[in-house]
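One structure is given below, encoded as structure tokens.
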Amino acid sequence: MIRFVYTSSSVKPFSNDELLLLLDRARRNNSKLGITGMLLYKDGEFMQALEGDEAQVHSLSAQIAKDPRHKEIMTVLDSPCTEREFPDWSMGFRNLNDMAPQEVPGYSTFLDSPLRAHTFVNNPALCRKLLLLFKTKPVGV
Ligand SMILES: Cc1cc2nc3c(=O)[nH]c(=O)nc-3n(C[C@H](O)[C@H](O)[C@H](O)COP(=O)(O)O)c2cc1C
């Protein structure tokens, strides 16, 4: 199994409807592929973790990288793992723009960091920390 984490910029801001559509499709596909993960959206930027079989994750990440709705994909992590961090989520999701920081303990320290900030891109452990904040309480758009 591998875990793959990247950040990217949306080509234009996503509406809630567009995010819902993306998520619906992602969840349907990922369930079939045995892929789990978490997607965060904030100010036109994404951070996504994908975990599952190596070939499946690499093939999906290549497909996602070709998606014209986002650009500047930067791989943060691509490494073997022995267990899933998001076993219950074919794709968890959080729109951080809609969130009151006090809803998620620990999030306030990340408030001022764009998802594509160097602090994240060069620091897989920090990305993991952020992504995991939403493990127990991800909600719809
Ligand atoms: C930021 C972002 C994250 C995405 N995540 C996933 C995902 O986890 N799974 C997925 O199947 N598609 C994901 N997509 C969509 C894919 O790029 C692609 O549109 C989709 O897999 C095509 O599915 P279809 O062949 O069922 O239409 C994502 C797209 C973007 C822009």
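Atoms within a ligand are numbered from 1 in the order they appear, just like the ligands themselves. Throughout, numbering of the chain's residues begins at 1 and tracks the sequence.
Using a 4.0 Å cut-off between charged side-chain N and carboxylate O, R3 and E54 make no salt bridge.
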Short N or O contacts of ligand 1 with protein, under 3.5 Å, listed by atom name?
unit_1, atom_1, unit_2, atom_2, d
ligand 1, 5 (N), Q48, NE2, 3.1
ligand 1, 8 (O), N30, ND2, 3.0
ligand 1, 8 (O), Q48, NE2, 3.0
ligand 1, 9 (N), N30, OD1, 2.8
ligand 1, 11 (O), N29, ND2, 2.9
ligand 1, 17 (O), D67, OD2, 2.6
ligand 1, 19 (O), D67, OD2, 3.1
ligand 1, 19 (O), R69, NH2, 3.3
ligand 1, 21 (O), N29, ND2, 3.4
ligand 1, 21 (O), Q63, NE2, 2.7
ligand 1, 23 (O), N29, ND2, 3.1
ligand 1, 26 (O), N29, ND2, 3.3
ligand 1, 27 (O), R25, NH1, 2.6

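In this model, no donor atom of one side chain and acceptor atom of the other lie less than 3.5 Å apart for S8 and E72. Judged by distance alone, the side chains of S90 and R27 never bring a donor and an acceptor atom under 3.5 Å apart.
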message: Apply side-chain contact (heavy atoms from CB on, under 4.5 Å) to residues L132 and E85 and explain how you reach the verdict.
response: CA-CA 8 Å; L132 283 174; E85 284 179 331; 4.0 Å; yes
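Judged as a ring-ring contact (aromatic ring centres under 6.0 Å, His included), and not counting sequence neighbours, F86 has no contacts.
Taking the six-membered ring where the residue is Trp, Y41 and F46 present tilted rings, their angle falling between 30° and 60°.
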